[in-house]
Amino acid sequence: MGTTGASVIGVVSDTHGVLRPDVVDALAGVDRLIHAGDVGNGTLLPQLEQVAPVTVVRGNVDDEAWAVAWPTSATLEIHGHKLHIVHDLALIDIDPAREGFSVVIYGHSHKPAIDFRQDILYLNPGSVGPRRFRLPVSYAVLHVNRRSVRPVLHTIPPSG
């Protein structure tokens, strides 16, 4: 990851079968993508893999044959930081502090959030799929180096 000792990680969730071209353009050049579930169809992930390598977890709508092999949680280590990925934070089955995680990434609510609990970053990128209620269409980018993980939320202006 990253030849400079730093990596840029794109984080999306809840696409529900919609891959917006402006999101793909915005994520061009990231070192890796994380999809926190509710992909929504079997053609979307290969499109994301053209942008960067993808780590995906299965969400509650990912119940078709194309998603059956996907895990319900995943762990990555990037520049010494352990990241845990789940779709629904309410279903997390580990203690992130005890396991030594720096970051927990989740989706499901469509509501973007950056929170810190016990020095652990909890990141929900929101949803880049169909707009839900009055919630923004959003994604996140993680800037990761040995010393820190810095999250940035980005919103996509409504079209139309």
Side-chain angles (χ1 to χ4, degrees), residues 1 8-28 30-78 81-115 117 120-142 144 149 151 153-156 158-160:
M1 301 250 137
V8 179
I9 314 300
V11 184
V12 298
S13 188
D14 296 280
T15 46
H16 291 273
V18 174
L19 187 56
R20 298 166 185 269
D22 44 358
V23 172
V24 173
D25 292 345
L27 293 171
V30 299
D31 297 298
R32 169 170 290 284
L33 286 168
I34 294 171
H35 195 303
D38 279 2
V39 174
N41 73 42
T43 64
L44 195 139
L45 206 58
Q47 294 174 58
L48 285 176
E49 289 171 337
Q50 292 180 10
V51 175
V54 179
T55 299
V56 63
V57 297
R58 188 175 53 229
N60 55 290
V61 305
D62 300 323
D63 56 2
E64 301 291 330
W66 45 262
V68 73
W70 296 348
T72 55
S73 67
T75 297
L76 293 174
E77 186 164 332
I78 301 172
H81 299 279
K82 286 175 64 177
L83 289 69
H84 188 66
I85 306 137
V86 297
H87 179 62
D88 184 348
L89 189 58
L91 300 178
I92 194 166
D93 61 355
I94 60 154
D95 178 339
R98 186 178 14 223
E99 299 291 331
F101 287 102
S102 302
V103 181
V104 173
I105 295 169
Y106 64 101
H108 190 58
S109 71
H110 294 226
K111 186 176 180 182
I114 295 174
D115 296 308
R117 304 176 204 163
I120 299 168
L121 166 63
Y122 283 77
L123 173 65
N124 185 332
S127 169
V128 291
R131 188 165 182 203
R132 184 175 177 197
F133 310 115
R134 294 190 174 269
L135 296 171
V137 173
S138 62
Y139 66 96
V141 174
L142 289 174
V144 184
V149 177
L153 285 171
H154 296 273
T155 58
I156 302 295
S159 58

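Keep in mind that the numbers below use all heavy atoms, side chains included, and drop hydrogens, waters and symmetry copies.
- With Tyr139 as the partner, the ring pair (Phe, Tyr, Trp, His ring centres under 6.0 Å) test is satisfied by one option alone out of His110, His154, His35: His154.
- When every heavy atom of Gly129 is checked against every heavy atom of Val18, the shortest pair comes out as CA-CB, 4.1 Å.
- Shown here are the ring pair (Phe, Tyr, Trp, His ring centres under 6.0 Å) partners of His81, two or more places apart in sequence or in another chain: there are none.
- Closest heavy-atom contact between Arg131 and Arg134: NH2-O, 3.4 Å.
- Annotation: the span from Ile120 atom CD1 to Ser102 atom OG amounts to 8.0 Å, rounded to 0.5 Å.
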Going through the checks in order, is the side chain to side chain contact (heavy atoms under 4.5 Å, CB included) test met by Leu83 and Ile9? CA-CA 11 Å; Leu83 289 69; Ile9 314 300; 5.5 Å; no
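- Every residue was checked against the ring pair (Phe, Tyr, Trp, His ring centres under 6.0 Å) condition with Tyr106, not counting sequence neighbours, and none meets it.
- The minimum heavy-atom distance between Ile105 and Ala36, with the atom names listed, is CG2-CB, 4.2 Å.
- Around atom NZ of Lys111, no more than 12 heavy atoms belonging to other residues, nucleotides or ligands sit under 6.0 Å away.
- The closest side-chain heavy-atom distance from Leu91 to Val86 is not below 4.5 Å.
- Applying the salt bridge (charged side-chain N to carboxylate O under 4.0 Å, His left out) test to residues at least two apart or on different chains, the pairs with a partner in residues 84-102 are Asp95-Arg98.
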Where do Leu142 and Leu121 land on the side chain to side chain contact (heavy atoms under 4.5 Å, CB included) test, with the steps shown first? CA-CA 11 Å; Leu142 289 174; Leu121 166 63; 3.9 Å; yes
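- Heavy atoms only, all atoms of each residue included: Val103 and Val149 are closest at CG2-CG1, 3.9 Å.
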Would you mind writing out the side-chain donor-acceptor pairs for residues 52-62 within the sub-3.5 Å range, not counting sequence neighbours?
| from | atom 1 | to | atom 2 | distance (Å) |
| --- | --- | --- | --- | --- |
| Thr55 | OG1 | Arg32 | NH1 | 2.9 |
| Arg58 | NH1 | Val68 | O | 2.9 |
| Arg58 | NH1 | Trp70 | O | 2.7 |
| Asn60 | OD1 | His87 | NE2 | 3.0 |
| Asn60 | OD1 | His108 | ND1 | 3.1 |
| Asp62 | OD1 | Val39 | N | 2.9 |
| Asp62 | OD1 | Gly40 | N | 3.0 |
| Asp62 | OD2 | Asp38 | N | 2.8 |
| Asp62 | OD2 | Val39 | N | 3.1 |
| Asp62 | OD2 | Gly59 | N | 2.8 |

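- Within the 3.5 Å criterion, the main-chain N or O of Tyr122 finds no donor-acceptor partner in the side chain of Arg117.
- Between the side chain of Asp31 and the backbone N or O of Val8 there is at least one donor-acceptor pair closer than 3.5 Å.
- Atom-to-atom distance recorded for Thr75:OG1 and Ile94:CD1 is 6.5 Å, nearest 0.5 angstrom.
- In terms of the side-chain hydrogen bond (donor to acceptor under 3.5 Å, both in side chains) criterion, residue partners of Thr43 (sequence neighbours excluded) are, by chain and number, Asn41.
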Steps toward side chain to side chain contact (heavy atoms under 4.5 Å, CB included) verdict (Thr15, Leu48): CA-CA 11 Å; Thr15 46; Leu48 285 176; 5.5 Å; no
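- In this structure, the side-chain hydrogen bond (donor to acceptor under 3.5 Å, both in side chains) partners of Ser109, at least two apart in sequence or on a different chain, are Asn124.
- Using modelled atom types, one side-chain atom of Ser138 and one backbone atom of Pro125 make a donor-acceptor pair closer than 3.5 Å.
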